[in-house]
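Computation of the quantities below employed the complete heavy-atom set of this structure, encompassing side-chain atoms and omitting hydrogens, waters and symmetry-equivalent molecules. These figures come from a predicted structure and were not determined experimentally.
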Amino acid sequence: MSTNAYLFLGTPGCGRRAIIADLVRDGLEGDTTLYVAEPERAAEAEKPLADVPALTTRSWKFDDDGGIDLGEPHDAGDNVVFLTDGEDDPVDQVEAFAALAKRLGWHVARVVTIADCAFASAVPASAEWFAACIHFSDTILLTNREGVSNKWINEFKEPSVKACFPCTFELVKKHRVENPARVLADSPRRMTMIFDEQDPIDDLEFDEDNLPEEPFDLVSAPDPYFETTDSGARKIVIPRTGELLDAYDRLRGNA
């Protein structure tokens with residue numbers, strides 16, 4: 001039986017570990033390994049995880065080739081929860097995680113974005129950053145909503161709703177969600193297909209009256225966020241996370 005993997009995206013300082021603790025405690029069965037990006041390991045930040053049964057916390061980091069290094073070989077258990085580095089590029093991390101999951105035979109059950117509404121509403125330039133995360137996500141958890149109007153929350157969701165994205169939005173209250181099992185349900189609702197085994201022939205739209213006359217190669221269209229120019233740069237460039245967080249700190253008078 002393969003290991004179920006759950007990928008979490010989001011920015012620092014919004015209670016990601018406390019939310020994950022709630023989800024693992026009430027939404028998963030069996031042994032779980034939580035991988036936290038090495039730059040984010042901190043005893044104080046991980047206190048909410050201390051009383052979660054059957055949960056082991058380990059570090060991950062990038063290796064010299066841009067892949068993910070999980071350290072010494074070990075048994076990950078029944079479930080894997082993977083917390084990205086909130087200060088690094090989420091697109092690079094999703095791409096590396098997809099390669100890791102494929103290599104280790106993990107089944108990517110869910111991708112979740114934890115959206116800090118206070119941060120997102122205060123820094124409008126973060127919209128493109130969150131749009132990228134939402135593209136990869138099955139569920140978006142809206143947290144830190146105190147002082148944020150319902151009008152803004154509806155506007156935040158509006159692009160996804162208008163584009164008919166299948167992902168869902170859930171409210172977080174005091175680091176808890178209404179139904180952890182629903183958030184972690186193994187029913188993909190993400191736009192990306194990077195985690196899926198896809199046959200290029202499934203993308204064809206030919207019928208007997210519309211057949212190609214020349215030979216052609218069957219190649220799946222790349223995910224738009226991974227497309228690159230001839231120079232190797234991403235065609236879609238999202239804002240740098242650190243710059244967005246610095247702007248938020250300045251607004252709060254912390255810098």
Side-chain angles (χ1 to χ4, degrees), residues 2-11 14 16 19-20 22-29 32 34-35 78-84 86 90-102 105-117 120 126-145 150 153-173 175-200 202-203 220-227 236 238:
S2 64
T3 296
N4 284 329
Y6 303 85
L7 176 64
F8 282 80
L9 308 169
T11 51
C14 64
R16 292 169 298 158
I19 294 169
I20 288 173
D22 172 57
L23 291 170
V24 172
R25 185 186 297 110
D26 296 333
L28 294 180
E29 296 181 356
T32 300
L34 167 62
Y35 294 98
D78 303 293
N79 310 294
V80 161
V81 176
F82 197 91
L83 181 60
T84 56
V91 177
D92 290 343
Q93 294 180 86
V94 167
E95 187 173 37
F97 175 78
L100 174 74
K102 183 176 182 179
W106 292 347
H107 168 65
V108 181
R110 275 273 154 144
V111 182
V112 179
T113 289
I114 300 176
D116 184 342
C117 294
S126 67
E128 293 179 20
W129 191 92
F130 280 109
C133 293
I134 290 170
H135 170 80
F136 294 113
S137 295
D138 304 293
T139 298
I140 296 85
L141 303 182
L142 303 172
T143 191
N144 283 0
R145 291 177 291 112
N150 288 332
I153 290 175
N154 288 333
E155 290 172 349
F156 180 78
K157 297 190 293 184
E158 186 176 17
S160 301
V161 173
K162 280 190 172 182
C164 297
F165 280 18
C167 61
T168 61
F169 291 81
E170 302 268 351
L171 301 180
V172 177
K173 186 175 182 179
H175 299 139
R176 297 182 67 88
V177 298
E178 181 181 18
N179 189 333
R182 182 173 65 210
V183 171
L184 299 178
D186 184 6
S187 54
R189 302 182 66 88
R190 48 194 177 252
M191 292 299 294
T192 186
M193 299 189 73
I194 189 174
F195 304 112
D196 307 311
E197 291 292 338
Q198 183 185 11
D199 188 338
D202 292 337
D203 294 334
S220 295
D223 189 292
Y225 279 97
F226 300 135
E227 285 193 85
I236 299 179
I238 64 173

Heavy-atom pair with the smallest gap, counting every atom of Pro90 and Trp129: CD-NE1, 3.4 Å
Tyr225 and His135 aromatic ring geometry - parallel, tilted or perpendicular at 30°/60° bounds: tilted
Residue pair Phe97 / Ala5: nearest heavy atoms and the distance that separates them: CZ-CB, 4.0 Å
Residues which pass salt bridge (charged side-chain N to carboxylate O under 4.0 Å, His left out) with Asp223, listed by chain and number, not counting sequence neighbours: none
Worked verdict on Asn4 versus Leu184 for side chain to side chain contact (heavy atoms under 4.5 Å, CB included): CA-CA 10 Å; Asn4 284 329; Leu184 299 178; over 6 Å; no
Leu23 vs Leu141, side chain to side chain contact (heavy atoms under 4.5 Å, CB included): CA-CA, chis, key distance, verdict: CA-CA 11 Å; Leu23 291 170; Leu141 303 182; 4.1 Å; yes
Nearest heavy-atom neighbours spanning Ile194 and Glu95: CD1-CA, 4.1 Å
Check: Glu29 main-chain N/O paired with Asp78 side-chain donor or acceptor under 3.5 Å: no
Side chains of Val112 and Ile20 in contact at under 4.5 Å (non-hydrogen atoms): no
Intermediate values then yes/no, side chain to side chain contact (heavy atoms under 4.5 Å, CB included), Asp186 and His107: CA-CA 9 Å; Asp186 184 6; His107 168 65; 2.8 Å; yes
Side-chain heavy-atom pair Leu34, Val24 within 4.5 angstrom cut-off: no
Nearest-0.5 Å distance, CG of residue Leu9 to CD of residue Gln93: 8.0 Å
Gap between atom SG of Cys117 and atom CG of Leu171 - 0.5 Å precision: 8.5 Å
Any side-chain heavy-atom pair of Val177 and Pro180 under 4.5 Å: yes
Parallel, tilted or perpendicular, as decided by the 30° and 60° cut-offs, for the rings of Phe156 and Phe169: perpendicular
Reported CG-to-OH distance for the pair Leu83 and Tyr35, which is rounded to 0.5 angstrom: 13.5 Å
Heavy-atom pair of closest approach, residues Arg189 and Pro166: NE-O, 2.6 Å
Intermediate values then yes/no, side chain to side chain donor-acceptor pair (under 3.5 Å), Ser137 and Arg110: CA-CA 8 Å; Ser137 295; Arg110 275 273 154 144; over 6 Å; no
Minimum side-chain heavy-atom gap Phe136-Thr113 below 4.5 Å: no
Spacing of Thr192 atom OG1 and Phe226 atom CZ [to the nearest 0.5 Å]: 5.5 Å
With Asp138 via salt bridge (charged side-chain N to carboxylate O under 4.0 Å, His left out) - residues at least two apart: Arg190
Distance-minimising heavy-atom pair for Cys14 and Ile19: O-CD1, 4.2 Å
Partner residues of Glu227 under the side chain to side chain donor-acceptor pair (under 3.5 Å) criterion, sequence neighbours left out: none
Residue Asn150 excluded, over 12 heavy atoms near CG under 6.0 Å: no
Where Ile134 and Ser160 come nearest, the two heavy atoms and their spacing: CG2-OG, 3.5 Å
Atom pair CZ (Phe130) and CD1 (Ile140), whose distance is rounded to the nearest 0.5 Å: 10.5 Å
Arg145 side chain to Val172 backbone, donor-acceptor under 3.5 Å: yes
Spacing of Ile114 atom CD1 and Thr84 atom OG1 [to the nearest 0.5 Å]: 9.0 Å
